[in-house]
Peer 1: 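Below you'll find the structure I mean.
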Amino acid sequence: MTDLTQNSLNPSEAEDPKRSDFVRELVSEDLENRRFNRSVQTRFPPEPNGYLHIGHAKAIVLDFSIAQENGGICMLRFDDTNPTTEDQRYVDAIVEDVQWLGYNPASINYSSDYFEQLYEWAELLILEGLAYVDAQSAEEIAEQRGGFGQPGIEGPYRDRTPDENLALFREMRDGLHPEGSCVLRAKIDMQHENMQLRDPVMYRIRYDHHYRTGDTWKIYPSYDWAHGQGDAIEGVTHSLCSLEFSDNRALYDWYLQQLPLEGEAPYQTEFARLELTYTVTSKRRLKQLVDDGHVSGWDDPRLPTLRALRRRGYPASAIREFCSFIGVSRTNSRHDIELLESFVRTELNQTAQRRMAVLRPLKLVITNWPEDEHGEPVIEMRTLVNNPEDDADGTREVPFSRELWIEQDDFRMEPPPKYFRLSPGTEVRLRGGYLVTCTGAICDEEGNPLEVHCTYDPQTAGGSAPDGRKVKSTIHWVAASHAIDGSVALYERLFKERIPGETTGDPIDDLDRDSVEILRDCKLEQSLSDVEPNEVVQFERIGYFAADPVLEDHFHRTVGLRDEWARLQNQR
RNA sequence: UCGGGGAUCGUUCAACUGGCAGGACAUCGGGUUUUGGUCCCGACAAUGGAGGUUCGAGCCCUCCUCCCCGAACCA
């Protein structure tokens with residue numbers, strides 16, 4: 001189960017300094033001109049045939065914030081006009097994801113609830129001679145539609161009488177015609193330069209079971225015949241969608257003009273969808289990754305789906321902030337994934353509690369550490385700050401003793417230039433513990449360190465020296481006697497290329513086959529066993545990690561900390 | 001080929017609709033620091049091209065170039 005409770009909007013988001021964009025400008029103009037006699041209404045209209053991803057988040061944030069900023073409402077509407085591909089489980093998942101993102105739709109609607117109304121309106125168009133039943137094959141219809149620069153031609157059934165059409169259409173509804181045998185088409189203009197207006201299909205016959213209407217219907221409305229009408233029925237004012245629907249706008253308007261609607265009709269505005277570097281956001285590509293087993297499922301943390309980002313530890317607020325920051329335009333663009341990550345870091349830096357975890361352990365022994373009366377090493381409790389960015393998070397007690405685990409990366413037998421961490425003869429701080437000086441190390445035959453030896457300065461409890469001397473590095477540690485064993489999943493980008501598939505046309509070719517690394521012998525600070533499922537903590541000096549919702553002591557790397565040392569090394 | 005959109009620092013979003021091209025991320029440099037984190041300071045860097053109008057053009061006009069979308073009984 002996923003925790004969906006902690007997603008109220010930040011106050012800072014509500015009073016977001018008004019950034020203007022062309023959509024908001026349109027809305028304010030409409031408000032000034034009193035175009036609508038109803039409040040601003042928007043809707044997020046997914047088709048329940050897949051899972052929501054970061055691209056949808058942009059649309060969701062836009063739809064909801066436009067409404068919120070103007071005292072209006074935003075609804076969730078499932079555009080479920082295709083029984084072949086849609087399913088209730090997608091509805092459930094989408095509702096959950098929208099909620100997790102932090103939004104409560106004013107209502108949850110379904111295009112399928114309008115099937116009856118849509119059907120009546122279709123008969124109306126037929127009666128007015130604006131729609132006809134075409135008994136040609138899909139291929140024939142496509143052929144007659146013409147092409148870019150070539151006008152279409154009118155088919156043989158175009159001039160049937162309204163009565164004939166009505167009878168035929170009712171037969172279609174009643175299941176008297178096989179699938180694919182005929183369609184209802186709007187009678188517009190086969191020569192129109194906009195192909196969308198070349199007698200578009202309004203209804204097709206499908207004998208599939210619809211997940212909501214069951215077997216009630218044998219005919220299903222097309223997207224265009226359902227969408228604008230759904231908007232109108234619901235009272236939508238501003239119908240926002242992505243750029244590829246630009247050409248559909250004329251049809252959207254045409255349909256609404258033919259119908260006896262009250263009040264000003266909604267109108268459609270298109271904007272550029274969100275693309276990100278090093279990932280894909282298309283239902284088809286995502287489905288392929290899942291179906292072909294390139295990832296473990298729709299919530300594989302390497303995916304850009306909302307459930308994956310959630311599992312990975314991305315805060316909903318960071319996604320929201322990111323989406324409103326990037327704004328909205330009509331330019332095809334691809335944002336750096338780093339920008340999203342920087343929003344995640346900014347949020348998590350403020351909110352995530354700090355803990356110590358050693359991912360690749362190396363034993364460190366403090367040779368002059370005292371023993372108790374039984375000859376056992378003393379266990380000393382050290383007090384560590386939970387979050388330097390937020391005093392309210394308080395402190396915790398962490399055991400410290402003679403034998404500790406430290407990160408393999410934090411010791412070098414022969415330190416490279418600029419290496420500030422432990423090496424023979426150097427002194428470092430064990431965070432919140434003591435200053436220790438390395439006296440040497442036991443190595444295997446190949447020279448790999450097995451155990452590092454240090455002496456500690458008893459005067460430096462807490463980590464500062466009374467004489468004021470400085471050390472160049474602070475490293476994290478976990479007491480060997482109290483460490484819990486855990487595992488960690490380190491994620492890299494799923495794709496090696498900035499624009500997956502750019503060169504070959506197939507993103508799969510750019511898949512990084514090693515995009516996840518599981519570390520199984522990690523040593524975790526005791527308190528890490530208390531972390532709630534999906535909670536994100538910072539492993540000091542490493543990154544942000546989300547507790548797996550089911551696996552014990554397993555963490556997913558949300559995002560790493562910026563790493564100056566790694567950058568230095570890459571420079572050479 | 002026709003129709004519809006688009007083009008501003010490396011990436012993106014701005015520029016009060018004709019008045020010194022700004023921010024964020026990234027990069028580079030510096031400072032602070034018990035996280036090589038955070039924070040702070042600084043630097044780099046752009047109006048696709050050619051004409052025209054204007055005192056003045058990213059913005060207006062003309063031509064050109066390049067990119068995206070459109071010929072499902074998908075959405």
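We name chains A, B, ... by the order of the sequence lines, and we start the count at 1 in each one. Side chains included, hydrogens not; waters and symmetry mates left out as well; all remaining heavy atoms used. These numbers were taken from a predicted model, which means no experiment stands behind them.
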Peer 1: Taking only side-chain nitrogens and oxygens of A/Ser333, does any of them come within less than 4.0 Å of OP1 or OP2 of B/C13?
Peer 2: yes
Peer 1: Please indicate whether A/Arg334 has more than 12 foreign heavy atoms, meaning atoms of other residues, nucleotides or ligands, lying under 6.0 Å from its CZ.
Peer 2: yes
Peer 1: Could you check how far CD of A/Glu564 sits from P of B/A26, rounded to whole Å?
Peer 2: 12 Å
Peer 1: Give a yes or no on whether the backbone of A/Arg431 and the side-chain of A/His476 come within a donor-acceptor separation of less than 3.5 Å.
Peer 2: no
Peer 1: How would you label the glycosidic angle of B/U17: syn (within 90° of 0) or anti?
Peer 2: syn
Peer 1: Is any side-chain heavy atom of A/Leu62 closer than 4.5 Å to a side-chain heavy atom of A/Cys323?
Peer 2: no
Peer 1: Using only side-chain N and O atoms of A/Arg541, determine if any of them is under 4.0 Å from OP1 or OP2 of B/G36.
Peer 2: yes
Peer 1: Does A/Val385 reach a base, just sugar-phosphate, or nothing at all? Heavy atoms under 4.0 Å.
Peer 2: nothing
Peer 1: State whether the distance check finds a donor on one side and an acceptor on the other, under 3.5 Å, for side chain A/Glu338 versus base B/U11.
Peer 2: no
Peer 1: Kindly confirm or rule out a cation-pi arrangement of A/Arg382 over A/Tyr434, judged by NZ or CZ under 6.0 Å from the six-membered ring centre and within 45° of its axis?
Peer 2: yes
Peer 1: Where the side chain of A/Arg198 meets the backbone of A/Arg145, is there a donor-acceptor pair that is under 3.5 Å apart?
Peer 2: yes
Peer 1: Please classify the nucleic acid contact of A/Arg382 as base, sugar-phosphate, or nothing, using heavy-atom distances under 4.0 Å.
Peer 2: nothing
Peer 1: What is the nucleic acid contact for A/Arg429, judged by heavy atoms within less than 4.0 Å: base, sugar-phosphate only, or nothing?
Peer 2: base
Peer 1: The side chain of A/Glu25 lies closest to which of these nucleotides: B/U17, B/G36, B/G6?
Peer 2: B/U17
Peer 1: Thinking salt bridges, do A/Arg469 and A/Glu427 make one under a 4.0 Å N-O criterion?
Peer 2: yes
Peer 1: Counting any heavy atom closer than 4.0 Å, what does A/Gly432 reach on the DNA or RNA strands: base, sugar-phosphate only, or nothing?
Peer 2: base
Peer 1: Taking CZ from A/Arg273 and P from B/G6, how many angstroms apart are they, rounded to a whole number?
Peer 2: 17 Å
Peer 1: For the residue pair A/Glu86 and A/Glu47, establish whether any side-chain heavy-atom pair is separated by less than 4.5 Å.
Peer 2: yes
Peer 1: Looking at A/Asp336 and A/Arg498, is any side-chain nitrogen of the basic one under 4.0 Å from a carboxylate oxygen of the acidic one?
Peer 2: yes
Peer 1: My understanding is that a pair needs two contacts under 3.5 Å, Watson-Crick or G-U wobble. By that rule, which nucleotide pairs with B/G70?
Peer 2: B/C2
Peer 1: I need a per-nucleotide contact map over nucleotides 66-75 of chain B, read 5' to 3'. Cutoff is protein heavy atoms under 4.0 Å; write B for the base, S for backbone only, - otherwise.
Peer 2: --SSBBSBSB
Peer 1: Under a 3.5 Å cut-off for both contacts, is B/A7 paired Watson-Crick or G-U wobble with anything, and if yes, with which nucleotide?
Peer 2: B/U65
Peer 1: How long is the line joining CD1 of A/Ile406 and P of B/G36, in whole Å?
Peer 2: 13 Å
Peer 1: How far does the C1' atom of B/G56 sit from the matching atom of B/G19, given to the nearest Å?
Peer 2: 7 Å
Peer 1: Between A/Ser342 and B/C25, does any side-chain N or O lie under 4.0 Å from OP1 or OP2?
Peer 2: no
Peer 1: By the 4.0 Å heavy-atom rule, please label A/Arg354 as base, sugar-phosphate, or nothing.
Peer 2: base
Peer 1: Identify whether the distance between the nearest side-chain nitrogen and carboxylate oxygen of A/Glu234 and A/Arg77 falls below 4.0 Å.
Peer 2: yes
Peer 1: What's A/Asp563 touching, base or sugar-phosphate or nothing? Going by heavy atoms closer than 4.0 Å.
Peer 2: sugar-phosphate
Peer 1: May I ask you to say what A/Arg431 touches in the nucleic acid, namely base, sugar-phosphate or nothing, with a heavy-atom cut-off under 4.0 Å?
Peer 2: base
Peer 1: Could you tell me the separation between the CG atom of A/Leu340 and the P atom of B/A26, rounded to a whole number of Å?
Peer 2: 12 Å
Peer 1: With the threshold set at 4.0 Å, does a side-chain nitrogen-carboxylate oxygen contact exist between A/Arg541 and A/Glu407?
Peer 2: no
Peer 1: I want to verify the glycosidic state of B/A21; is it syn or anti under the 90° rule?
Peer 2: anti
Peer 1: A/Tyr267 side chain to A/Tyr252 main-chain N or O, any donor-acceptor pair under 3.5 Å?
Peer 2: no
Peer 1: Please measure how far the P atom in B/C68 lies from the corresponding atom in B/C61, and state the result in whole Å.
Peer 2: 25 Å
Peer 1: How far, in whole Å, is B/C20 from B/U12 if one measures between their C1' atoms?
Peer 2: 24 Å
Peer 1: Select one nucleotide: of B/A14, B/C25, B/G5, the one nearest the side-chain heavy atoms of A/Ser329.
Peer 2: B/A14
Peer 1: Let me know, please, whether A/Phe420 or A/Phe22 comes out on the 5' side of the other along RNA chain B by nearest nucleotide.
Peer 2: A/Phe22
Peer 1: Distance between the C1' atoms of B/C73 and B/C60, in whole angstroms?
Peer 2: 46 Å
Peer 1: For the C1' atoms, the ones on B/A26 and on B/C13, what distance do you get once it is rounded to whole angstrom?
Peer 2: 15 Å
Peer 1: How far, in whole Å, is B/A43 from B/G6 if one measures between their C1' atoms?
Peer 2: 32 Å
Peer 1: A/Glu347 has an atom CD; how far is it from atom P of B/G37, in whole Å?
Peer 2: 20 Å
Peer 1: Please report the distance separating the C1' of B/U32 from the corresponding atom of B/U38, rounded so that it comes out in whole Å.
Peer 2: 11 Å
Peer 1: Which whole-number value in Å describes the distance from A/Ile499 CD1 to B/G10 P?
Peer 2: 15 Å
Peer 1: For the backbone of A/Ala272 and the side chain of A/Lys58, can you confirm whether one donor and one acceptor N or O come within less than 3.5 Å of each other?
Peer 2: yes
Peer 1: Out of B/G36, B/U35, B/U11, which nucleotide sits closest to the side chain of A/Trp565?
Peer 2: B/G36
Peer 1: Is there a Watson-Crick or G-U wobble partner for B/U12 with both distances under 3.5 Å, and if so, which one is it?
Peer 2: B/G23
Peer 1: How many whole angstroms separate atom CG of A/Asp21 from atom C1' of B/U12?
Peer 2: 14 Å
Peer 1: Using a 4.0 Å heavy-atom cut-off to protein, can you give one letter per nucleotide of nucleotides 39-44 of chain B, 5' to 3': B if the base is in contact, S if only the sugar-phosphate is, - if neither?
Peer 2: ------
Peer 1: Got a sec: does the CZ of A/Arg273 have more than 12 other heavy atoms crowding it under 6.0 Å?
Peer 2: no
Peer 1: Report yes or no: is there a donor-acceptor pair, N or O only, under 3.5 Å between the side chain of A/Arg249 and the base of B/G4?
Peer 2: no
Peer 1: When the C1' atoms of B/C16 and B/C59 are considered, how many whole Å apart are they?
Peer 2: 13 Å
Peer 1: Roughly, in whole Å, what's the span from CD in A/Glu341 to P in B/U27?
Peer 2: 11 Å
Peer 1: Under 4.0 Å between a side-chain N/O of A/Arg567 and OP1 or OP2 of B/C28, yes or no?
Peer 2: yes
